[in-house]
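Predicted, not measured: the structure shown is a model, and the values here were computed from it.
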Amino acid sequence: MQTTTATLPVAFQKGLEAYRKELTRVIYQAGSSMAPVLNAKALTDPDAKEKLLLRVFPRPSFNSLYTGDIVALQSPLSAQQQVLVRRLAAVEGEEMVSDDPDLESWSLPENHCWVLSETATFKPDAPTDIDSRTFGPLPIENIIGRVIYQATSVTEHGPTSNTPEAMADDAAVLDAELDLESFCNHTSTKDSQTS
């Protein structure tokens with residue numbers, strides 16, 4: 001009985017810590033890898049950035065992520081914890097078919113997904129255009145969260161267009177965590193920059 005009683009305060013403390021954690025964080029999208037969906041100004045201004053509100057998923061799963069969502073992820077190619085923003089194009093078990101008739105179709109392995117940039121001028125050798133066409137299936141644990149709000153300025157902002165399921169899931173998070181005035185005027189150097 002004593003071991004159960006002794007671990008109860010520890011479990012309660014961990015639960016309280018999890019409850020107090022913020023559900024979101026701010027990141028910045030630089031470059032045109034997701035244009036025109038995100039940071040459309042980067043198509044004409046290479047220095048343009050767009051502020052993004054990210055719903056953080058400490059334990060990402062396909063119960064909370066949907067094909068078509070825009071997600072932030074840790075690049076599997078970078079030792080410096082580079083954050084990328086890409087569209088979730090396919091999830092575990094989905095069949096992958098190539099345009100190349102010499103390649104056979106295959107299914108994404110368990111706990112993996114396929115992410116793509118939005119740029120129409122994809123160049124696999126360009127460091128800013130990397131996605132699953134460069135690094136292959138992405139382990140789901142590399143996903144940090146889903147982009148739920150975006151702002152270019154105090155007058156140009158709005159919810160990110162994700163799947164209807166995701167937008168419904170994120171509505172309460174936006175209501176609870178988005179302080180629009182603070183978000184549109186926020187300029188912390190602690191925030192992550194992505195490509």
Side-chain angles (χ1 to χ4, degrees), residues 17-43 48-76 81-92 94 111-119 128 130-132 138-195:
E17 287 172 13
Y19 177 76
R20 289 183 175 155
K21 283 187 178 179
E22 289 188 345
L23 301 174
T24 60
R25 79 179 214 208
V26 173
I27 61 175
Y28 289 87
Q29 174 70 24
S32 61
S33 64
M34 289 300 291
V37 176
L38 298 176
N39 201 25
K41 290 183 179 183
L43 293 170
K49 292 180 189 164
E50 185 165 34
K51 188 181 302 182
L52 307 175
L53 185 64
L54 180 67
R55 179 179 178 184
V56 178
F57 291 119
R59 288 177 214 90
S61 80
F62 296 123
N63 293 324
S64 55
L65 294 165
Y66 309 97
T67 300
D69 289 348
I70 297 175
V71 297
L73 58 112
Q74 293 289 341
S75 171
Q81 301 294 317
Q82 179 186 12
V83 175
L84 304 174
V85 174
R86 299 293 183 260
R87 181 151 328 255
L88 184 61
V91 298
E92 63 183 14
E94 290 190 44
N111 295 319
H112 284 73
C113 58
W114 196 261
V115 294
L116 297 173
S117 68
E118 295 281 312
T119 183
T128 58
I130 61 173
D131 62 17
S132 285
L138 178 77
I140 191 170
E141 64 262 13
N142 283 48
I143 294 180
I144 301 165
R146 179 172 42 240
V147 178
I148 60 174
Y149 206 87
Q150 59 198 83
T152 303
S153 69
V154 293
T155 57
E156 297 177 55
H157 57 83
T160 303
S161 187
N162 284 307
T163 60
E165 299 90 349
M167 292 182 80
D169 290 352
D170 297 336
V173 175
L174 276 174
D175 286 345
E177 297 243 341
L178 179 62
D179 175 349
L180 197 52
E181 183 177 336
S182 174
F183 178 71
C184 289
N185 294 313
H186 181 77
T187 56
S188 172
T189 56
K190 286 179 16 180
D191 299 326
S192 301
Q193 182 169 310
T194 70
S195 55

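Taking the side chain as every heavy atom from C-beta outward, Thr24 and Leu178 never approach each other to under 4.5 Å. Contact of the Ile27 side chain with the Val85 side chain is registered, since non-hydrogen atoms from C-beta on lie closer than 4.5 Å.
Here salt bridge (charged side-chain N to carboxylate O under 4.0 Å, His left out) pairs that include residues 145-157, with residues two or more places apart or in two chains, are Lys41-Glu156, Asp69-Arg146, Arg146-Asp170.
In this structure, Cys113 and Leu88 approach most closely via the heavy-atom pair CB-CD1, 3.4 Å. Here the shortest heavy-atom pairing between Arg87 and Gly68 reads NH1-O, 2.5 Å. Counting all heavy atoms, side chain and backbone alike, Val37 lies closest to Glu118 at CG2-OE1, 3.3 Å. What you find for Ser117 and Asp131 is that their closest heavy atoms are N-OD2, 2.9 Å.
The CD atom of Glu50 sits 3.5 Å away from atom OG1 of Thr152, with the distance rounded to the nearest 0.5 Å.
A donor-acceptor contact shorter than 3.5 Å is absent between the side chain of Lys51 and the backbone of Val26. Side-chain atoms of Asn39 come within 3.5 Å of backbone atoms of Ala48 as a donor-acceptor pair (strictly under, hydrogens ignored). Put simply, the side chain of Ser75 never gets that close to the backbone of Val83: no donor and acceptor are under 3.5 Å apart. For the pair Ser132 (side chain) and Val115 (backbone), a donor-acceptor distance under 3.5 Å is present. When atom types are taken as modelled, the side chain of Glu92 and the backbone of Asn111 share a donor-acceptor pair closer than 3.5 angstrom.
Defined by atom type and a distance below 3.5 Å, a donor-acceptor pair is missing between the side-chain atoms of Ser64 and Arg59.
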Verdict with supporting geometry, Val147 and Gln29, side-chain contact (heavy atoms from CB on, under 4.5 Å): CA-CA 11 Å; Val147 178; Gln29 174 70 24; over 6 Å; no
side-chain contact (heavy atoms from CB on, under 4.5 Å) evaluation trace for Leu65 with Val91: CA-CA 9 Å; Leu65 294 165; Val91 298; over 6 Å; no
Residues Leu38, Gln150; criterion side-chain contact (heavy atoms from CB on, under 4.5 Å); working and verdict: CA-CA 8 Å; Leu38 298 176; Gln150 59 198 83; 3.2 Å; yes
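The only option from Asp169, Thr163, Asn162 that meets the side-chain hydrogen bond (donor to acceptor under 3.5 Å, both in side chains) definition with Tyr66 turns out to be Asp169.
Applying the side-chain contact (heavy atoms from CB on, under 4.5 Å) rule to Asp179 yields the partners Glu181, Ser182; only residues at least two apart in sequence or on another chain are considered. Taking Ala90 as the reference, Glu94, Met96, Leu108, Trp114 meet the side-chain contact (heavy atoms from CB on, under 4.5 Å) condition, with sequence neighbours excluded.
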